[in-house]
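Only heavy atoms go into these numbers, but all of them, side chains included; no hydrogens, no water, no symmetry mates. So you know, we letter chains A, B, ... as the sequences are listed, proteins then strands, and number each from 1.
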There are 2 protein chains.
Amino acid sequence: MGVIRKTKAVEVLLNEFNNSSTAISAKKLIAELDSTFNKTTIYRVLDKLEDDGILHSFLGKEGLKWYAKCNGCTASEHADLHPHFQCLSCGKVECLTVSVTLPKIPNKKIETSQLLLQGKCEACFV
Amino acid sequence: MGVIRKTKAVEVLLNEFNNSSTAISAKKLIAELDSTFNKTTIYRVLDKLEDDGILHSFLGKEGLKWYAKCNGCTASEHADLHPHFQCLSCGKVECLTVSVTLPKIPNKKIETSQLLLQGKCEACFV
DNA sequence: AATATAACGCAACAGTGTTGCATTAACAAA
DNA sequence: TTTGTTAATGCAACACTGTTGCGTTATATT
């Protein structure tokens, strides 16, 4: 996987994630940065950042791909469980820090998992 | 949502799920029944069966939509947590019967959740 | 400055899933 | 059984996120 060059696209995207405490969908990034970067570039930079262990990705409610900064993940080994929360009202997605104990399934070797909790966030839950 | 008519498509699709202990992706059903039914019909019947609480759906690894028979779900209220297992080798998806205790998140109202465990099934895990 | 090659933009494509509309089939009532 | 209502179907075209090929540009190394 070559070296990461510090291009404008990499810089801008990293900034987005450093300034955001929530996860961001590829769709939103493309919409926001449409006039600045080609969508292909955005997809490729996100892929690369994920490969290099800087971001991790997961699928949100409608099959959209979301990205967020990794915490305590290395390029080769991500934390086993990535719990995320998506607000059904405003659509916002957050990474959760709580840990979930996985069920032990007989005759199966669990390698990874994705847990998506859905409901209402504090802003929408009144 | 009108009445469900017992059409050939409904009959055949229900049969598929009654004869299968695992979840089935819309993609696979379309591939299998291509010569019999139009894909639009298949998507619409699956939607309808889900609306009526007979099937439930969830997203698999690549954002593909999977369907499985509901157990203990009603049309209005599905069981809170749907744990599923997808084999990363053969792609098979199963509904799990184990229950998972959800983490309690402050200031959030969890309404539903999707837990997808990924790894190797007994057939592929040797 | 010259060179190697990663990253980029563009266009065209891939795949799953959706929509509009005219036609057909299921079901209830006469 | 026939009639009438309307749900269900097939077809074609579309919508959308994400991908691929390729020629060009920019980064970093020598």
Side-chain angles (χ1 to χ4, degrees), chain A residues 1-17 23-68 75 84 86 91 93 114 116, chain B residues 1-17 23-68 75 84 86 91 93 114 116:
Chain A
M1 264 288 126
V3 192
I4 324 175
R5 294 187 177 176
K6 293 234 169 86
T7 65
K8 269 183 220 155
V10 170
E11 190 187 338
V12 168
L13 283 171
L14 276 181
N15 240 314
E16 289 281 331
F17 286 99
I24 315 176
S25 66
K27 179 183 177 178
K28 190 188 174 196
L29 289 169
I30 289 168
E32 274 181 20
L33 304 173
D34 185 44
S35 55
T36 316
F37 302 109
N38 188 276
K39 68 172 179 175
T40 311
T41 300
I42 295 175
Y43 280 120
R44 285 198 274 228
V45 170
L46 291 173
D47 272 3
K48 195 155 199 4
L49 291 175
E50 186 179 15
D51 276 353
D52 292 346
I54 297 165
L55 300 179
H56 67 265
S57 75
F58 57 95
L59 293 178
K61 195 176 167 317
E62 273 96 18
L64 287 191
K65 210 165 182 183
W66 292 75
Y67 289 85
H84 296 97
Q86 181 162 33
V93 176
Q114 299 193 29
L116 181 65
Chain B
M1 260 293 126
V3 192
I4 323 176
R5 294 187 176 175
K6 293 235 169 87
T7 64
K8 267 184 222 156
V10 170
E11 190 187 337
V12 168
L13 282 172
L14 276 182
N15 240 316
E16 288 281 331
F17 286 99
I24 316 177
S25 66
K27 178 183 177 178
K28 191 188 174 196
L29 288 169
I30 290 167
E32 273 182 20
L33 304 172
D34 185 43
S35 56
T36 317
F37 303 109
N38 188 277
K39 68 173 180 174
T40 310
T41 300
I42 295 175
Y43 279 121
R44 285 198 273 227
V45 170
L46 291 174
D47 272 3
K48 196 153 199 5
L49 291 175
E50 186 179 14
D51 275 354
D52 291 346
I54 296 164
L55 300 179
H56 67 265
S57 75
F58 56 95
L59 293 177
K61 196 177 165 318
E62 274 98 16
L64 286 191
K65 210 165 183 183
W66 292 74
Y67 290 84
H84 297 97
Q86 180 162 33
V93 175
Q114 300 194 27
L116 180 65

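Taking atom CG on L46(B) and atom C1' on dG17(C), their separation rounds to 11 Å, with Å as the unit. Remark: P of dT17(D) and CH2 of W66(A) are 12 Å apart, rounded to the nearest angstrom. Going from atom CG of D34(A) over to atom C1' of dC10(C) covers 13 Å, rounded to whole Å. The interatomic distance linking L59(B) (CG) with dC16(D) (C1') rounds to 15 Å, in whole Å. In this structure, CG of N38(B) is placed 12 Å from C1' of dA13(D), rounded to the nearest angstrom. To the nearest angstrom, P of dA7(C) lies 16 Å from NZ of K8(A). Between K48(A) atom NZ and dA7(C) atom C1' there is a gap of 10 Å when expressed in whole angstrom units. With rounding to whole Å, I4(A) atom CD1 is found 21 Å from dA26(D) atom P.
Nearest heavy-atom pair across A9(B) and V45(B) is CB-CG2, 4.1 Å. Smallest separation of non-hydrogen atoms from Y67(B) and E50(B): CE2-OE1, 3.8 Å.
Between I30(A) and the choices I42(A), N38(A), L46(A), the side-chain contact (heavy atoms from CB on, under 4.5 Å) rule is met once, by I42(A).
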- request: I would like to know whether T36(B) and V12(B) meet side-chain contact (heavy atoms from CB on, under 4.5 Å); could you show each step before the answer?
  value: CA-CA 10 Å; T36(B) 317; V12(B) 168; 5.8 Å; no
task: For the pair Y43(A) and K65(A), evaluate side-chain contact (heavy atoms from CB on, under 4.5 Å) and give the outcome as yes or no after the intermediate values.
output: CA-CA 10 Å; Y43(A) 280 120; K65(A) 210 165 182 183; over 6 Å; no
- request: Any chance you could lay out the side-chain contact (heavy atoms from CB on, under 4.5 Å) test for L13(B) and L55(B), step after step, and finish with the verdict?
  value: CA-CA 11 Å; L13(B) 282 172; L55(B) 300 179; over 6 Å; no
task: Decide side-chain contact (heavy atoms from CB on, under 4.5 Å) for H84(A) and H56(A); before the verdict, give the C-alpha distance in whole Å, the side-chain angles of both, and the deciding distance to 0.1 Å.
output: CA-CA 12 Å; H84(A) 296 97; H56(A) 67 265; 3.1 Å; yes
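T7(A) comes within 4.0 angstrom of sugar-phosphate atoms only, judged by non-hydrogen atoms across all strands, and of no base. Among the protein residues, T36(A) comes within range of the sugar-phosphate backbone only, with heavy atoms under 4.0 Å from sugar or phosphate atoms but none that close to a base. The residue K6(B) sits close only to the backbone: its heavy atoms come under 4.0 Å of sugar-phosphate atoms, none of a base. Across all strands, L64(A) comes closer than 4.0 Å only to sugar-phosphate atoms, never to a base (heavy-atom distances).
With hydrogens and angles ignored, no donor-acceptor pair under 3.5 angstrom links the side chain of R5(A) to the base of dT29(D). Side-chain atoms of K65(A) stay outside donor-acceptor range of the base of dG18(D), with no qualifying N/O pair under 3.5 Å. Contact annotation: side chain of R44(B) to base of dG10(D), donor-acceptor pair present below 3.5 Å.
Residue whose closest nucleotide on DNA chain C sits further toward the 5' end, between G63(B) and F37(A): F37(A). Both K39(B) and A9(A) sit near DNA chain C, but only A9(A) has its closest nucleotide nearer the 5' end.
Close to dG18(D), at under 4.0 Å from its OP1 or OP2, lies a side-chain N or O of Y43(A).
Rounded to 10°, the angle separating the first-five-pair axis and the last-five-pair axis of the helix from dA1(C)-dT30(D) to dA30(C)-dT1(D) equals 30°.
In this structure, of dT17(D), dT19(D), dA8(D), it is dT19(D) that holds the atom nearest to the side chain of T40(A).
Put simply, CD on E32(A) and CD on E16(A) are 5.0 Å apart, with the number rounded to the nearest 0.5 Å.
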